[in-house]
2 protein chains.
Amino acid sequence: MSEQKAALATRPEILLIEDDPQIRKFLRVMLMAEDYRFYEATAGVEGLAQAATRNPDLVLLDLGLPDRDGVELIRDIRKWSQMPIVVISARGLERDKIEALDAGADDYVTKPFTPGEVSARIRAALRRAAVLDKNEPSEIVNFGNITMNLAARKVSVGGADVHLTPNEYKLLLVLLRHSGKVLTQRQLLKEVWGPEHVEDREYLRVFMSQLRHKLEADPAHPKYLMTEPGIGYRLLTEP
Amino acid sequence: MSEQKAALATRPEILLIEDDPQIRKFLRVMLMAEDYRFYEATAGVEGLAQAATRNPDLVLLDLGLPDRDGVELIRDIRKWSQMPIVVISARGLERDKIEALDAGADDYVTKPFTPGEVSARIRAALRRAAVLDKNEPSEIVNFGNITMNLAARKVSVGGADVHLTPNEYKLLLVLLRHSGKVLTQRQLLKEVWGPEHVEDREYLRVFMSQLRHKLEADPAHPKYLMTEPGIGYRLLTEP
DNA sequence: CCAAACCTTTACGTCATCTTTACACGATTC
DNA sequence: GAATCGTGTAAAGATGACGTAAAGGTTTGG
């Protein structure tokens with residue numbers, strides 16, 4: 001996919017954004033041991049500039065920067081790039097973690113951490129990015145008696161065409177792209193309605209209900225569109 | 001991998017922090033017999049300095065130091081490193097054990113102990129650390145006939161899907177992330193229910209019971225979800 | 001400019017999960 | 001052995017989440 005370099009074929013390039021000299025040194029040793037190419041930034045603005053100009057394969061970002069909010073920086077990068085961002089943070093608070101991940105970070109490591117742990121996360125993020133770049137979703141998907149023609153944007157149940165509204169279709173598509181996986185309500189809301197509506201959980205209730213009535217034989221006892229109470233929803237494409 | 005030494009491939013390096021000359025000698029003999037490389041510190045400050053500069057594979061720490069800050073020392077190390085810390089304690093009081101484990105110790109041995117016992121704990125801790133460093137947070141974990149698919153947030157026993165409620169899953173996940181290690185009740189409560197519920201130990205009883213009934217073949221005689229009376233719980237992923 | 005389609009919002013019955021309590025049991029202490 | 005403590009289990013009650021229908025609002029297209 002486009003600007004992404006062949007992250008795993010050659011030596012991946014990593015941008016390290018970290019202000020604390022000691023931790024920077026620690027991470028530098030780790031990156032060298034793993035044979036990555038990398039360059040460093042010690043502040044947010046500099047980091048953003050480097051990310052934009054040098055287009056690294058991955059960004060390793062410490063949230064506790066002095067000059068600007070790390071989460072803000074993630075959002076800035078996400079405006080124009082999907083490059084993997086692995087976050088390092090002193091604080092392990094759930095709130096911070098969720099904020100960073102919602103902003104678009106790929107993974108989150110809290111101090112204290114081992115070099116092995118950080119490098120494992122980096123490898124995993126690079127691998128995911130490489131897979132994403134290769135995978136094109138197939139044009140026609142079947143599950144049960146439901147057929148989705150992605151190219152034509154058409155859905156049918158047992159051969160009969162079913163009309164889905166734009167948001168209904170979008171929601172189903174997001175679920176399909178991650179079929180089998182639980183998607184949190186926030187993830188779904190962000191994908192379908194945009195980041196400004198991640199709190200509006202009623203939307204999901206209403207639209208999941210509508211989808212079930214259009215797709216499921218017995219909407220009250222769904223076979224495909226499953227609820228994960230307290231978490232979110234998942235699409236089962238095989239019994 | 002990284003600066004972490006290949007703890008099991010070569011001879012692991014151990015830092016021994018112990019003030020009592022007699023016990024020091026005893027442990028020294030044990031370490032030599034087991035063919036570890038090691039160096040010694042006789043006080044807390046010295047121990048911390050050595051841990052920082054020489055980066056051992058494991059710290060063997062006597063809590064009864066003269067500067068009397070063993071637990072404090074554990075906390076200091078944990079600020080920047082996950083290196084395994086095995087604690088030796090003269091007093092077998094539960095309070096002391098819990099305090100040390102809460103501070104981040106990996107295991108504890110109480111006097112009187114045999115050389116075999118101590119070296120077994122050391123071996124176990126080193127093995128866990130090696131596994132942690134190698135394993136990228138893998139998406140699928142197996143132990144016994146239990147399978148956890150972390151990406152999909154799915155658990156199955158002997159191939160059959162098992163439904164876990166949000167808190168049940170969270171609890172199991174925390175145990176898994178530290179599998180083999182004793183986790184104190186406070187640690188578990190803090191991770192799953194938040195810091196404001198570290199005293200509500202009934203939650204753990206109820207939820208551990210529920211988990212066992214869903215995962216164990218014989219809930220009354222668990223093979224994986226083990227109780228550590230007076231301390232907490234631990235998840236065994238290997239017999 | 002109207003009508004249709006769609007989205008947003010509200011209300012309410014139902015259900016899953018969490019919380020709390022009570023009690024049985026084994027281990028430990030006195 | 002009696003009393004105490006920590007634990008395991010079941011079950012009741014409280015809480016909050018979910019599913020659904022239906023009533024405005026807004027956008028779109030003719």
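Note on naming: letters A, B, ... go to the chains in the order of the sequence lines (proteins, then strands), and numbering restarts at 1 for each one.
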Worksheet item: Can a salt bridge be assigned to the pair B/R78 and B/D102 using a cut-off of 4.0 Å between side-chain N and carboxylate O?
Response: no

Item to complete: Would you mind checking if B/R75 and B/E72 are paired as a salt bridge, meaning a charged N to carboxylate O distance below 4.0 Å?
Response: yes

Worksheet item: Taking all non-hydrogen atoms of both residues, which atom of A/A103 and which atom of A/I74 are closest, and how far apart?
Response: O-CG2, 3.6 Å

Discussion item. Under a 4.0 Å threshold between the charged nitrogen and the carboxylate oxygen, would B/E18 count as salt-bridged to B/R24?
Written reply: no

Practice prompt. Give me the ring orientation class for A/F207 and A/W193: parallel if the planes are under 30° apart, tilted from 30 to 60°, perpendicular past 60°.
Written response: perpendicular

Fill in: Distance in angstrom units between A/R205 CZ and C/dT14 P, rounded
16 Å

Response to the item:
Side-chain atoms of B/N167 come closest, of C/dT8, C/dC6, C/dC18, to C/dC18

Worksheet item: Would you say C/dT19 has OP1 or OP2 under 4.0 Å from some side-chain N or O of B/H197?
Response: no

Practice prompt. Round to the nearest Å and state the distance from A/E228 atom CD to C/dA16 atom P.
Written response: 13 Å

Item to complete: Check each of B/I23, B/T42, B/L16 against B/D62 using the side chain to side chain contact (heavy atoms under 4.5 Å, CB included) test, and report the only one that passes.
Response: B/I23

Fill in: Interatomic distance, A/E168 CD vs C/dA5 C1' [rounded to whole Å]
11 Å

Discussion item. Once you measure the plane-to-plane angle for A/Y224 and A/F143, does it fall in the parallel (<30°), tilted (30-60°) or perpendicular (>60°) bin?
Written reply: perpendicular

Worksheet item: Do A/R212 and A/T227 have side-chain N/O donor and acceptor atoms under 3.5 Å apart?
Response: yes

Discussion item. Without decimals, in angstroms, what is the distance between B/L164 CG and C/dT17 P?
Written reply: 10 Å

Item to complete: Take the protein atom CD of B/E202 and the nucleotide atom P of C/dA22, then report the distance between them rounded to whole Å.
Response: 12 Å

Item to complete: Take B/E168 and B/K214 through the test salt bridge (Lys or Arg N to Asp or Glu O under 4.0 Å) and record every step on the way to the result.
Response: CA-CA 10 Å; B/E168 285 167 3; B/K214 289 184 178 184; 2.8 Å; yes

Worksheet item: If you look at every strand shown and take non-hydrogen atoms under 4.0 Å, does A/H163 touch a base, only sugar-phosphate, or nothing?
Response: sugar-phosphate

Worksheet item: Between the two end axes of the helix from C/dC1-D/dG30 to C/dT17-D/dA14, each built from 5 base pairs, what angle do you get to the nearest 10°?
Response: 20°

Practice prompt. Figure out the CZ/C1' separation between B/F207 and C/dT20, and round it to whole Å.
Written response: 12 Å

Worksheet item: Can you give the first and last nucleotides of DNA chain D, 5' to 3', that have an atom under 4.0 Å from a heavy atom of chain B?
Response: D/dG6 to D/dA10

Item to complete: Starting from C1' on C/dT17, measure out to NZ on B/K214 and report it in whole angstrom.
Response: 10 Å

Worksheet item: Given C/dT17, C/dT21, C/dC6, which nucleotide is nearest the side-chain atoms of B/V206?
Response: C/dT21

Discussion item. Just the rounded figure in Å: distance from C1' of C/dC18 to CG of B/L204.
Written reply: 14 Å

Discussion item. Categorize B/R212 for me: base, sugar-phosphate, or nothing, with a 4.0 angstrom heavy-atom threshold over every strand shown.
Written reply: sugar-phosphate

Item to complete: Report the end-to-end axis angle of the helix from C/dT19-D/dA12 to C/dC30-D/dG1; each axis comes from five terminal pairs, and the value is rounded to 10°.
Response: 0°

Item to complete: State plainly whether the residues A/R177 and A/E191 are in salt-bridge range, i.e. N to O under 4.0 Å.
Response: no

Practice prompt. For the residue pair A/S209 and A/R205, confirm or rule out a side-chain donor-acceptor distance under 3.5 Å.
Written response: no

Worksheet item: Are B/S89 and B/D96 close enough that a side-chain donor and a side-chain acceptor fall under 3.5 Å?
Response: no

Discussion item. Side-chain N or O of A/W193 versus OP1/OP2 of C/dC7: is the shortest distance under 4.0 Å?
Written reply: no

